[in-house]
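Comments concern the structure below.
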Amino acid sequence: TFRIFPTISLNTGNFDIAAENFWWDYGLNIEEIYFGNGILRKQEFEEIIRWTPNLKVIKLERNSLFKTWQIKGTYHERVCQFENCYHISLANNSFINRKIFDYMVSKAPNLREIDLSGCLTKMSGRERTQILDHFIFYLKGYGATIKLINIHSTIVDDFFLQQLAEVS
């Protein structure tokens, strides 16, 4: 029987050659993918999204995977995009920086929803301010399609909220 998997949830997944056959066979049917606890190398993530072009929702929550990611900004990193993706969740991640944020949002040109709830908890005040300022910069320059921002339980200050209110 042919099976359709519209939603995939992975917790501490092990990605090997056998797993590539799954993504090859069923990747076109996957619309939502959730990476839970575990470590996922950036190369493995790129391989998975390469075979799932119809993704609508990507969630990289409560994960320490960003510790190992090195974003270089090369052409190869920008090639693979998910055109149908409207929601990206990076909730409960403490290791987000500007390059990782840009890498994720640049892959979804039709993004409408961003979830940053519970983020930035292990950062210093200066680092947190820098990433929030960068988020405002993104919204002013490229976030015209963004309709929903979830920053629940993310430490923000009044200045950030004022800037957020001024984004049109």
Side-chain angles (χ1 to χ4, degrees), residues 3-16 19-122 131-132 134-139 141-154:
R3 299 186 68 182
I4 297 176
F5 300 95
T7 303
I8 300 290
S9 178
L10 300 169
N11 289 317
T12 60
N14 183 12
F15 301 95
D16 57 12
E20 287 183 17
N21 291 335
F22 172 82
W23 301 110
W24 174 263
D25 293 339
Y26 300 109
L28 290 175
N29 301 323
I30 298 172
E31 296 178 356
E32 180 175 334
I33 194 162
Y34 169 74
F35 294 97
N37 293 329
I39 294 178
L40 176 70
R41 288 179 291 171
K42 187 172 78 76
Q43 180 181 1
E44 293 167 335
F45 174 75
E46 287 179 346
E47 286 295 316
I48 291 170
I49 62 170
R50 185 173 63 143
W51 298 112
T52 54
N54 297 320
L55 282 177
K56 295 180 182 177
V57 176
I58 297 174
K59 296 180 181 184
L60 298 163
E61 300 177 347
R62 291 184 304 274
N63 215 312
S64 59
L65 64 90
F66 296 129
K67 280 183 178 181
T68 63
W69 285 25
Q70 295 294 321
I71 308 295
K72 298 175 184 157
T74 62
Y75 176 74
H76 170 73
E77 289 179 342
R78 293 186 300 258
V79 163
C80 190
Q81 289 192 341
F82 14 93
E83 301 286 334
N84 300 325
C85 184
Y86 68 88
H87 178 91
I88 290 180
S89 177
L90 303 173
N92 300 309
N93 281 299
S94 299
F95 300 100
I96 296 175
N97 60 34
R98 289 175 45 180
K99 286 185 175 183
I100 290 171
F101 177 81
D102 288 345
Y103 172 80
M104 291 302 297
V105 298
S106 68
K107 292 194 165 297
N110 299 314
L111 192 61
R112 293 190 312 261
E113 302 171 2
I114 297 177
D115 185 353
L116 295 174
S117 59
C119 287
L120 317 177
T121 56
K122 295 182 181 178
I131 193 76
L132 291 174
H134 184 70
F135 181 61
I136 294 293
F137 174 79
Y138 166 76
L139 289 176
Y142 307 101
T145 61
I146 303 296
K147 303 298 180 206
L148 177 103
I149 300 168
N150 184 356
I151 54 172
H152 175 72
S153 297
T154 299

So Asp102 and His134, side-chain contact (heavy atoms from CB on, under 4.5 Å) or not? Walk me through it. CA-CA 9 Å; Asp102 288 345; His134 184 70; 2.6 Å; yes

Applying side-chain contact (heavy atoms from CB on, under 4.5 Å) to His87 and Glu32, what does each step give before you reach the verdict? CA-CA 9 Å; His87 178 91; Glu32 180 175 334; over 6 Å; no

Check the pair Leu139 / Ile149 against side-chain contact (heavy atoms from CB on, under 4.5 Å), numbers first and verdict last. CA-CA 10 Å; Leu139 289 176; Ile149 300 168; 3.6 Å; yes

I'd like to know whether Lys99 forms a side-chain contact (heavy atoms from CB on, under 4.5 Å) with Tyr103, so could you lay out the CA-CA distance, the side-chain angles of the two residues, the decisive distance to 0.1 Å, and finally the verdict. CA-CA 6 Å; Lys99 286 185 175 183; Tyr103 172 80; over 6 Å; no

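In plain terms, the two heavy atoms of Ile146 and Leu111 that are nearest each other are CD1-O, 3.5 Å. Minimum heavy-atom separation, Pro53 to Leu28: CG-CD2, 3.4 Å. Met104 and Ile88 make their closest contact through O-CD1, 3.4 Å (heavy atoms, listed as atom of the first residue, atom of the second, distance). When every heavy atom of Asn93 is checked against every heavy atom of Glu61, the shortest pair comes out as ND2-CA, 4.0 Å. Smallest separation of non-hydrogen atoms from Gly118 and Thr154: N-OG1, 3.0 Å. Closest non-hydrogen pair, Glu83 versus Asn110, comes out as O-ND2, 2.7 Å.
In this structure, CD1 in Ile58 is found 9.5 Å from NZ in Lys107, a value given to the nearest 0.5 Å. From His152, atom NE2 reaches atom CG of Asn92 across 9.0 Å, with rounding to the nearest 0.5 Å. The CG atom of Leu55 sits 6.5 Å away from the SG atom of Cys85 when rounded to the nearest 0.5 Å. A distance of 8.0 Å separates OG of Ser89 from CG of Leu60, quoted to the nearest 0.5 Å. Rounding to the nearest 0.5 Å gives a distance of 8.0 Å between CG of Asn150 and CG of Leu116.
For Asn54 (side chain) and Asn84 (main-chain N/O), no donor-acceptor pair under 3.5 Å exists by modelled atom type. Side-chain N or O atoms of Thr52 include none that pairs as donor or acceptor with a backbone N or O of Gly27 at under 3.5 Å. Between the side chain of Asn97 and the backbone N or O of Ile100, at least one donor-acceptor pair lies under 3.5 Å. Side chain of Gln81 to backbone of Ser106: a donor-acceptor contact under 3.5 angstrom is found. A donor-acceptor pair is defined here as one N or O able to donate and one able to accept, closer than 3.5 Å; no such pair exists between the side chain of Ser117 and the backbone of Ser153. Side-chain atoms of Asp115 do not come within 3.5 Å of backbone N or O of Ala91 as any donor-acceptor pair.
Phe45 pairs by the ring-ring contact (aromatic ring centres under 6.0 Å, His included) definition with Phe35, Trp69, not counting sequence neighbours. Residues satisfying the ring-ring contact (aromatic ring centres under 6.0 Å, His included) criterion with Phe101, sequence neighbours excluded, are Phe135, Tyr138.
Contact annotation: the side chain of Ile151 never approaches that of Ile114 to less than 4.5 Å [non-hydrogen atoms, C-beta and beyond].
Taking the charged nitrogens against the carboxylate oxygens, Glu46 and Lys42 do have a contact shorter than 4.0 Å, which makes a salt bridge.
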